[in-house]
S.K.: 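Mind having a look at this structure? Questions to follow.
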Amino acid sequence: MSAILSVDALSHAYGKTPVVRELSFALEHGDIACLLGASGCGKTTVLRLIAGFETPQAGRIALGGELIADARRQLPPEKRRIGMVFQDYALFPHLTIAQNVGFGLPDRKSALAIRRIEEMLDLVGLAAQGGRYPHELSGGQQQRVALARALAPAPHLLLMDEPFSNLDVELRERLSLEVRDILKRSGTSAILVTHDQHEAFAMADVVGVMRDGRIEQWAPPYELYHQPATRAVADFIGQGVFMPGEVVGKGEVQVELGVLHSDLPLECAETCMTCQRDCHLDVLLRPDDIVHDDASELQAEVVAKSFRGADFLYTLRLASGRELLSLVPSHHNHAVGEKIGIRLAVDHVIGFRGTPGTAHERPAAATVVPIAIARGR
Amino acid sequence: MLSDFDFSVLTDSLPFLWAGLQFTIQLTLVAMTGGIIFGTLLALARLSSMKPLAMAAAAYVNTMRSIPLVMVILWFFLLLPLLTGKPMGAESSAMMTFMAFEAAYYSEIMRAGIQSVPRGQVHAGQAMGFTYSQSMRFVVLPQAFRNMLPILLTQTIVLFQDTSLVYAIGSKDLLKASEIAGKNYNRPIEMYIFVALIYFIICFSLSQLVKRLQQRIAIIR
């Protein structure tokens with residue numbers, strides 16, 4: 001495997017506002033990457049820099065080993081052989097679907113081009129719609145036309161800017177899997193930009209979580225969820241609660257629910273006793289780390305519940321006042337106010353150092369991380 | 001009153017009026033075609049990132065739009081022969097004048113049309129291997145033209161009416177022809193009423209057509 005795209009210390013500012021700060025990553029051949037972040041984190045700007053619609057102030061972008069942009073030289077966008085699917089699709093309303101798809105082909109009237117158009121329409125399942133106009137298609141169909149149009153000239157790299165944000169949730173989930181399948185079948189390397197982590201997880205081989213113009217972590221989705229590298233990533237990805245703990249031994253952390261044993265190395269090499277910095281360790285507890293167990297002695301009060309079909313997401317309050325989230329199969333239906341037994345099921349401890357001297361004084365409520373997932377538009 | 005009218009003179013002067021109408025139509029078509037082409041170039045110049053070019057185009061458009069048409073017609077008629085050194089007929093002078101004058105108005109319409117096309121369309125063109133100017137030509141201008149077609153045609157209807165002003169330089173359009181015929185038969189009132197009717201029928205049916213076109217284009221957008 002070799003890198004098709006490498007981005008090296010890329011920086012960009014709009015006027016005096018820095019948007020991308022010394023950002024680096026490499027995309028392997030045939031991989032689908034996703035830049036994930038809240039709006040305003042600079043992810044779309046990164047895409048525009050790669051496409052060539054913006055000139056970087058510093059850093060380099062190389063595609064297939066060839067330099068395409070640095071602060072001085074810029075290959076114009078039309079010479080980069082990078083396809084793009086735009087957030088609003090940007091289909092050409094004055095052209096038919098077939099003409100849209102064939103637009104980027106060298107000789108649009110040739111038999112070769114006509115065959116390529118048919119092939120592409122087949123690939124996205126719109127073979128019968130070639131003669132229609134974009135406004136006659138549904139949103140999901142337009143999305144697929146945009147994809148077929150971008151893929152037709154066989155680009156070295158495909159960029160997708162929030163490609164599913166205009167679609168309803170159900171269609172979004174189905175299409176993201178379909179698009180992944182199409183990209184994998186055509187062997188196209190792609191970068192997707194989104195603020196929706198479900199979309200990122202469903203589509204991408206590797207995800208870059210962005211914050212303030214930087215990539216916080218560049219890792220496969222599974223690793224992002226289970227081994228977030230920074231507190232910000234842990235905050236942004238998935239749901240969970242931070243609970244202050246004390247390192248009591250090698251890979252052992254004491255929290256108010258008991259001692260946790262980690263099979264991964266902790267951020268702290270020594271115990272809090274010997275370290276003496278009084279920062280303690282904030283341990284990330286995911287809702288799936290807290291298991292409902294009637295036999296458990298450990299009791300917590302149900303403060304809120306959210307029914308999600310197959311399971312309930314319970315917000316639980318411990319005797320100490322600290323709150324937890326717990327994912328419980330939905331046949332365990334408990335009323336708000338009821339006390340239920342819980343048990344910890346933590347395989348590896350993800351913990352981040354707190355601020356020295358303040359870790360245990362923080363009010364319990366502040367440690368509940370209100371993480372919103374799948375924010376729609 | 002009406003019994004005094006003699007409409008038989010109309011049938012006699014029909015061929016003469018037809019010749020006048022033909023020139024009016026010809027002038028309208030030439031001014032429209034030339035005006036839209038020149039106007040589109042002016043619009044592109046105004047939207048250009050090259051400052052001097054944009055300013056020159058803006059100056060031209062604003063000047064033309066701030067001067068009464070009759071004055072422009074008279075000036076061109078007097079100035080063009082001085083510039084070219086050759087005498088110029090009223091008909092050719094009228095065509096040049098209208099092309100130059102209408103271009104200013106068409107350019108404003110085309111500018112709005114170009115701006116109505118989202119910027120992403122140019123980027124989409126570029127992402128598919130087209131340069132900025134190619135994207136402009138194959139992606140933006142066709143859409144701008146289509147979106148603005150009803151307004152361009154409405155402007156053309158106004159242009160059709162405005163062509164009557166060439167009577168100031170004695171060019172034989174529909175109005176001038178009716179004036180001459182009216183004098184010949186000494187029946188100016190019948191003639192003017194008849195000609196007004198012709199103008200009305202043509203303009204009204206054209207504007208109905210534009211209305212229908214507008215509805216069709218509204219669906220596509």
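Here is the naming used below: chain letters follow the sequence lines, and residue numbers restart at 1 for every chain.
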S.K.: Please look at A:Pro76 and chain B and tell me whether the side chain, the backbone, both or neither of the residue comes under 4.5 angstrom of a heavy atom of that chain.
M.R.: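 Answer is neither: A:Pro76 stays 4.5 Å or more from chain B.
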
S.K.: Please flag which part of A:Arg149 lies under 4.5 Å from any non-hydrogen atom of chain B: side chain, backbone, both or neither.
M.R.: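 Both parts, heavy atoms under 4.5 Å.
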
S.K.: I want to know whether A:Phe92 and A:Tyr133 have ring centres closer than 6.0 Å.
M.R.: no

S.K.: Check ring pair (Phe, Tyr, Trp, His ring centres under 6.0 Å) between B:Phe16 and all other residues, then give those that pass, not counting sequence neighbours.
M.R.: none

S.K.: Taking the six-membered ring of B:Tyr105 as reference, does the NZ or CZ atom of B:Arg65 fall below 6.0 Å from its centre and within a 45° cone about the axis?
M.R.: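 Here B:Arg65 passes the 6.0 Å and 45° test against B:Tyr105.
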
S.K.: Which residues from residues 129-139 of chain B are near chain A, with near meaning under 4.5 Å between non-hydrogen atoms?
M.R.: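 When heavy atoms of chain A are the reference, residues 129-139 of chain B contributes B:Gly129, B:Phe130, B:Thr131, B:Phe138, B:Val139 within the under-4.5 Å range.
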
S.K.: Where on A:Leu159 is there a heavy atom nearer than 4.5 Å to chain B: the side chain, the backbone, both, or neither?
M.R.: neither

S.K.: Would you check if the side chain of A:Glu119 reaches a backbone N or O of A:Ala152 as a donor-acceptor pair within less than 3.5 Å?
M.R.: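 Absent.
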
S.K.: Is a side-chain donor-acceptor pair under 3.5 Å present for B:Tyr199 with B:Ser164?
M.R.: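 Result is no, nothing qualifies.
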
S.K.: Could you tell me which of A:Arg48, A:Met84, A:Glu78 has the largest number of non-hydrogen atom pairs under 4.5 Å with chain B?
M.R.: A:Glu78

S.K.: Could you report the tightest heavy-atom contact between B:Pro150 and B:Val210, atom names first, then the distance?
M.R.: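 Reported closest heavy-atom pair: O-CG1, 3.5 Å.
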
S.K.: Where do B:Tyr60 and B:Phe38 land on the ring-ring contact (aromatic ring centres under 6.0 Å, His included) test, with the steps shown first?
M.R.: CA-CA 12 Å; B:Tyr60 178 88; B:Phe38 185 33; 5.6 Å; yes

S.K.: Can you list the steps and then say if A:Gln57 with A:Ser11 is a side chain to side chain donor-acceptor pair (under 3.5 Å)?
M.R.: CA-CA 6 Å; A:Gln57 266 112 46; A:Ser11 293; over 6 Å; no

